[in-house]
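Note that the structure is a prediction, hence the values are computed from the model and not measured.
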Amino acid sequence: MTRMIRIFDTTLRDGEQSPGASMNVEEKVMIAKQLARLGVDIIEAGFAYSSPGDFEAVRRIAQEVEGPIICSLARARPEDIDRAWEALKGAPKVRIHTFLSTSDIHLKYQFRMTREEAKKRAVEMVQRARSYVDDVEFSPMDASRSDPSYLYEVLEAVIEAGAGTINIPDTVGYAVPQEFGRLIRGIREKVPNSSKAVISVHCHNDLGLAVANSLAAVLEGAGQVECTINGIGERAGNTALEEIVLGLRTRKDFYGADTRINTEEISKTSRLVSKITGMVVQPNKAIVGANAFAHTSGIHQDGLLKEKTTYEIMRPESIGLVDSKLVMGKLSGRHAFRQRLEELGYTLTDEEINRAFDRFKRLADQKKEIYEEDLEVIVSEEIAKISERVVLKSLSVESGTNRIPTATVELEIDGRLVKQTGTGDGPVDAVYRTIAAMTQTKSRLLMYAVKAITGGTDAQGEVAVRLEEGGRTVSGHGADTDIIVASARAYLNALNKLAFWASKQAEGMQKVSVI
């Protein structure tokens, strides 16, 4: 009999802890709606206590996203639990996820608590969360480096206090599959009331074993896996949702388990998260990488043409990859545009449709074919915007073999038009130096990457940048058929994010990195 494994997606919480991957409220809501279409069981929408922005994201997702259980993280503190409830209350399906370390390393050096104090606090906070909601999850942080006997003791106590899910984090990616599997087996066998709760796992990828550890846990009875799209997350990342889901489905004969995920939405979800966070998926990434279904070897190509199963254990169509066709053009009307977006899973307001349609018509005048990926870029750029302090109004560049690259840029800065000309080592450098001078930014450019979204010489180019200023790292992205314009858009997108987070920091609120 096939067991159904719950998928707990933490892209919006742990995934956001990736350097430079911070998302604003609108971007989080957009991703959450796509996660619902993907069919995840639980969405960890954020950490409500950590900032006003996270509180608002949790609140809006809980109210607007139908299907999954919506969860907020909360430290084992009364104020965190209360704030999580404030964000979630009134929504139909909600969960509070609270946590406290059980490893002696953390208790001694970070929390400065005794084992008894930690156990008592964990029980009290589970009870407090249970007074608000029926669905409570507890995580003993750094479980994989905890004394098993003490871990069992804490788990028994929090289940008795009302935790319906007990999540076992490999917080620092220390475990190996055989060892982690034994830990899950030990919990099932030695925690007397373990059958009253779902055993979950939350693995980090520091040693590249997050997916392997999670699958080992499923073999030993875990009923929930916590993961992120594209495996993004703290340090080396988290268990990749797409790898867990396709691993279980492709080898259902071995694991005896599956998920309720609509796998045809995987590719689209991966692209959306990549665009919004600015974190490019490596070409050889399993399942969603550009080369995952590419065959170069002549022997492989020969076998594939004769029978696809010779070299493909999964069909590209199973994750939503199909050959792109001409779907829209410059003669397409607003109604057809709205309908096509709805077919892709985007339901927009009239105002959002108008903004996106104007961008679409400009693009359609520039290129012959408009692909699904082009439409997704338009939606992600035109709809999921932070409040823009700096807006590009016009740009011209002069460059050549015997010319000094010169850029003339016109910006609207805080509502005021500013125009300036500057030079650089190349056309992009000239644009960036000019914008930097106009905005007086002190940021450092850490990364600049360009890729074509679709094929052909008229393809949109997508630029991703990463900037650092004052210890804060952000990503920016922009797209246009003119790569210089795309570069300017990406740079300004990142500068606006830096301004946004600087204003949040001025409010005295800081993000907290956890499990």
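Heavy-atom neighbours of Asp414 CG from other residues, nucleotides or ligands within 6.0 Å: above the threshold of 12. At most 12 heavy atoms of other shown residues, nucleotides or ligands fall within 6.0 angstrom of atom CD in Glu160. The number of heavy-atom neighbours closer than 6.0 Å to CD of Glu79, taken from other residues, nucleotides and ligands shown, is above 12. Crowding of Glu66 atom CD: a count of heavy atoms from other residues, nucleotides or ligands under 6.0 Å not exceeding 12.
Side chains of Asn238 and Thr228: a donor-acceptor N/O pair is absent below 3.5 angstrom, by distance only. When only modelled atom types and interatomic distance are considered, Asn205 and Arg235 share no side-chain donor-acceptor pair under 3.5 Å. In this structure, a donor-acceptor pair under 3.5 Å is present between the side chains of Thr441 and Ser443.
Taking each heavy atom of Ala222 and Val201 in turn, the nearest pair found is CB-CG1, 4.3 Å. Here the shortest heavy-atom pairing between Ala87 and Ala48 reads CB-CB, 4.0 Å. Pairing each heavy atom of Ala175 with each of Ser144, the nearest pair is CB-CB, 4.1 Å.
Proximity of the aromatic rings of Phe138 and Phe99 is defined here by a centroid distance below 6.0 angstrom, and this criterion is not met.
Using a 4.5 Å heavy-atom threshold, the side chains of Glu137 and Ile96 count as separate. Counting heavy atoms from C-beta on, the side chains of Glu86 and Arg59 never come closer than 4.5 Å. Side-chain contact check for Ile187 versus Leu155: some heavy-atom pair is nearer than 4.5 Å. In this structure the side chain of Asp258 reaches within 4.5 angstrom of the side chain of Met4, judged on heavy atoms. Side chains of Met113 and Arg121 form a contact here, defined as non-hydrogen atoms less than 4.5 Å apart. A heavy-atom distance below 4.5 Å is found between the side chains of Leu445 and Val465. Residues Lys119 and Tyr150 form a side-chain contact, since some pair of their non-hydrogen atoms from C-beta on lies under 4.5 Å apart. The side-chain heavy atoms of Glu462 and Lys275, taken from C-beta on, include a pair separated by under 4.5 Å.
Partner of Asn230 under the side chain to side chain contact (heavy atoms under 4.5 Å, CB included) criterion, out of Leu241, Val273, Thr269, Thr277: Val273 alone. Of the residues listed (Arg130, Arg95, Arg6), the one engaging Asp135 in a salt bridge (charged side-chain N to carboxylate O under 4.0 Å, His left out) is Arg95, and it is the only one.
Applying the ring pair (Phe, Tyr, Trp, His ring centres under 6.0 Å) test to Tyr132 and every residue at least two apart in sequence or in another chain returns Trp85. Judged as a side chain to side chain donor-acceptor pair (under 3.5 Å), and not counting sequence neighbours, the contacts of Glu44 are Thr10, Arg13, His97. For Thr11, the side chain to side chain donor-acceptor pair (under 3.5 Å) partners are Asp9, not counting sequence neighbours. A search for ring pair (Phe, Tyr, Trp, His ring centres under 6.0 Å) contacts involving Tyr491 returns Tyr432, not counting sequence neighbours.
Among residues at least two apart or in separate chains, there is no ring pair (Phe, Tyr, Trp, His ring centres under 6.0 Å) pair with a member in residues 52-75. The side chain to side chain donor-acceptor pair (under 3.5 Å) analysis of residues 178-200, with sequence neighbours excluded, yields the pairs Asn167-Ser200, Arg185-Glu220, Ser200-Gln224, Ser200-Glu226.
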Exercise. For side-chain hydrogen bond (donor to acceptor under 3.5 Å, both in side chains), just list the numbers for Thr473 and Glu468, CA-CA rounded to whole Å, side-chain angles, deciding distance to a tenth of an Å, and then say yes or no.
Key: CA-CA 4 Å; Thr473 302; Glu468 184 275 330; 5.6 Å; no
Quiz item: Hey, mind stepping through Glu153 and Arg115 against salt bridge (Lys or Arg N to Asp or Glu O under 4.0 Å) and telling me if it holds?
Solution: CA-CA 10 Å; Glu153 185 182 327; Arg115 286 183 173 187; over 6 Å; no
Exercise. Start with the C-alpha distance between Glu116 and Lys120, add both sets of side-chain angles, then the distance that settles salt bridge (Lys or Arg N to Asp or Glu O under 4.0 Å), and finish with yes or no.
Key: CA-CA 6 Å; Glu116 280 306 312; Lys120 181 173 182 291; over 6 Å; no
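For Asp82 and Arg128, the salt-bridge test passes: some basic side-chain N is under 4.0 Å from an acidic carboxylate O.
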